[in-house]
Every structure is written in structure tokens, then in C-alpha cells.
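Structure first, commentary second.
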Amino acid sequence: MTESPAPSTQPTPDSPGAGIAARADRLASARIDRPLRLITWNVNSLRRRLDQVLRLLEEQTPDLLCLQETKVIDALFPAAALADAGYPHQAVHGMPGYNGVAVVSRWPLEGIRTQAVRGRADARLVLAWVPAFEVDVHCLYVPAGGDVPDPDTNPRFADKLAFLDDLAEWYAGWFGRIDRIILCGDLNVAPLERDVWDHRRLSRVVTHTPVEIAHLARLRSSLLWADAVRDLADPDTPVFTWWSYRTADWRHANKGRRLDHVWVTPPLSPAIAGFEVLSETRDWRPPSDHAPLRVTLDLTRAGVAPERSGKTALSPR
DNA sequence: ATGTCTACCTTAGGTAGA
């Protein structure tokens, strides 16, 4: 999958000593001609993976990096290290031990807020408005759902389905005020046949069961989200973003699943320009079981967003 | 059914979650 090369005259993000006017000029030009590069990565502990995150930022220089399973409370979030790497703008939503999401950005973030799904403070969704690109970015971590794909005997699986339902209902409440939204993260569902290494076998395995796929489809329909990867990839081509720790030679066995996704609302769908699964990180030590997914949006091709009433994109219900 | 990671609580080993 190829991406359009970045223009050589692209604006540079904040740098020390940059004047406000100069910065405003750069932001203005950014709105016009600079592709947005976003990476989403379930790091399975940000502190355990911090060196790798810094390496990824240095090698890829994305505009936005969305992280899931940060597994760190906000007070211990490695804000300074990420700021030193050029990502001083951060939307952080953590909790002890599990879950945790964050967006780190080269560009200022506004309207940072979190959203509880199913009424729980579970640190699974953080949202921020990115003025430089006029997009709202939503970083999401869907519950894994346990091992048994039966909502009657496995409360975790039932909770996963209800989580997807509640989220779909919440987003449906935004309908009619659709704007430029990027929803990305570990959705913990591989919806299509070529999103898993063995469709028939995995149809009875959590992440690829018909009921989960149906609930994910309901979420997708809530705001008519476009699936950036499958918008570009041939439907017969397998795309995976996750390989189990339990497989000895992950690359050779290639028993992968596409659990990580980037979705965009209809105004952004014409802007979908490229994607790549950065699977080389699966060999970095010690690895996350997820690989980063990079998506490029050429916003010059985006549809016109509706008039905005306030500074932040949208307010839920 | 198995396998392997990570955090946490407590101190080397088990439990929970994925």
C-alpha cells in the first residue's frame, strides 16, 4: 500500500522559541496542504514500551499517536519524555493496572474530554479536537471479552457486546451533526473473513464471532463510519494488526487478526489516502502483541464540514 | 486445551486481565 509522499514544504510542529504568529501561519497552511499521518498502537503498558514508542515517534514522526492499554495512572504518564520527543500535546486517560488510553500530538489539542461507556470510569475513551487539521480524534479501547464467546455464561463477553451497543447509541446521538471525526484504537473485533488467519476456525473464537461482528457493524452504522484500511485494501488481502504472544514464531505462523482500526466520518472518507501496519515492531524487544497501524489522510480531498457553532467539534447529546 | 505477556500485591509467587 503506497501513500502520497509528504510535500517538502510541510509545516513544522511547535518548536522552542516559535512565535505565535509564525505558528498560526503554519497551522493555517497545515489546514490546506499537509497530509495528516496518524498512528494507533495498543502498547500493552506504555512504561514497558516507552523506548519503543519513542523510537516509533522518531522513525515515523506521525502528527498524532493514539495509544491503548497504557496501563498507567495519569500521575505517572511519561509526559516529559514524550514532550521531549516532540509531542508536548497530550490527552491522557489512565487508571491503575489495566486499560488506559492517550493521544499524543505534535499539534495543539483542544476540547480534551473523556467518555465513560456503560457508566463506568474504565479509561477506555479519550477525545480531543485538533485545530491544525480540524478533526476530532477519538482514541478507543474496547473490552477484550474474555475467553468464552457466550454472553450467558461469560459476563465479560456480555459486557463487550453491551459496550459496543452503548457506544453505538452514544454516537448515534451525534447524528445530524456529523463532523470530521477520526475514531481509532483497539476495537478487539476482526470483522471480515480476511481479518483473521482462519475465518472458519475463528468464528467460534472471541474477536471474530458473528455476534461481535454484528455489534461492531451496528457501531459502524451509528455515524456511517468508513473503515480506512478496508476502504483501500483489497477484500481478499489479509490484513492483521495483532499476533498472539503464545505463538512461538509469529511471523512464520502468521496467525494474526485485524483488531486495530481507524474509522472516519463521511466528510473524511474521501481523504483516506494510505495505510500501513508497522509490523516490524512485533520483533522489537519486548514486543507488544499489537502492531502500530498508520493511516494517512489527505485532507485536501475531505468533504466540506458543516458550520461549527463552538470551538470544540461536537458535544454529545 | 494450550500457550505468553503485564500489573498488582507483596516480597517470589500467585491472581487477574488480555
| field | Whole-Å C1' distance, B:dT10 and B:dG14 | value | 10 Å

query: Do the two ring centres, one from A:F133 and one from A:W107, sit under 6.0 Å apart?
result: yes

*Is the shortest side-chain N/O distance from A:R49 to OP1 or OP2 of B:dT6 below 4.0 Å?*
yes

To the nearest angstrom, the CD-C1' distance between A:Q68 and B:dA18 comes to 14 Å

May I ask you to evaluate whether A:R282 reaches the phosphate of B:dC5, defined as a side-chain N or O under 4.0 Å from OP1 or OP2? no

Exactly one of A:D63, A:T296, A:L299, A:T300 clears side-chain contact (heavy atoms from CB on, under 4.5 Å) with A:P35, and that residue is A:T296

The nucleotide from B:dT6, B:dA18, B:dC8 with an atom nearest the side chain of A:R48 is B:dT6

Whole-Å distance, A:W243 CH2 to B:dG3 C1', equals 18 Å

Between A:C184 and A:C66 the two heavy atoms that sit nearest each other are SG-SG, 3.3 Å

Per atom distances to the A:R156 side chain, the nearest of B:dC8, B:dG17, B:dT6 is B:dG17

* To do: Please measure how far the P atom in B:dC8 lies from the corresponding atom in B:dG3, and state the result in whole Å.
  => 26 Å

ask   = Taking the side chain from A:S105 and the backbone from A:H89, do they hold a donor-acceptor pair closer than 3.5 Å?
value = no

Atom CG of A:N44 and atom C1' of B:dA16 are separated, to the nearest Å, by 13 Å

**Asked** If you measure from the C1' atom in B:dA7 to the same atom in B:dA12, how many Å do you get, rounded?
**Response** 15 Å

A:D186 atom CG is separated from B:dG17 atom P, nearest whole Å, by 17 Å

Comparing nearest nucleotides in DNA chain B, the 5'-proximal residue of the pair A:T70, A:Y141 is A:T70

Rounded to whole Å, the CZ-C1' distance (A:R120 to B:dG17) equals 13 Å

Give the C-alpha distance, both sets of side-chain angles, the deciding distance and a yes or no for side chain to side chain donor-acceptor pair (under 3.5 Å) between A:S288 and A:R49. CA-CA 8 Å; A:S288 168; A:R49 227 69 63 196; 5.0 Å; no

Between OH of A:Y245 and P of B:dA18 the distance, given in whole Å, is 14 Å

Picking from B:dT6, B:dA18, B:dG17, the nucleotide nearest the side-chain atoms of A:Y98 would be B:dG17

| field | Inter-nucleotide P distance (B:dA1, B:dG13), Å rounded | value | 29 Å

* To do: Examine B:dC5: is either OP1 or OP2 under 4.0 Å from a nitrogen or oxygen in the side chain of A:R246? Give yes or no.
  => no

Rounded to whole Å, CH2 of A:W242 lies from P of B:dG3 at a distance of 16 Å

Heavy-atom nearest nucleotide on DNA chain B taken for A:R124 and for A:T247; more 5' hit belongs to A:T247

Atom CG of A:N42 and atom P of B:dA18 are separated, to the nearest Å, by 11 Å

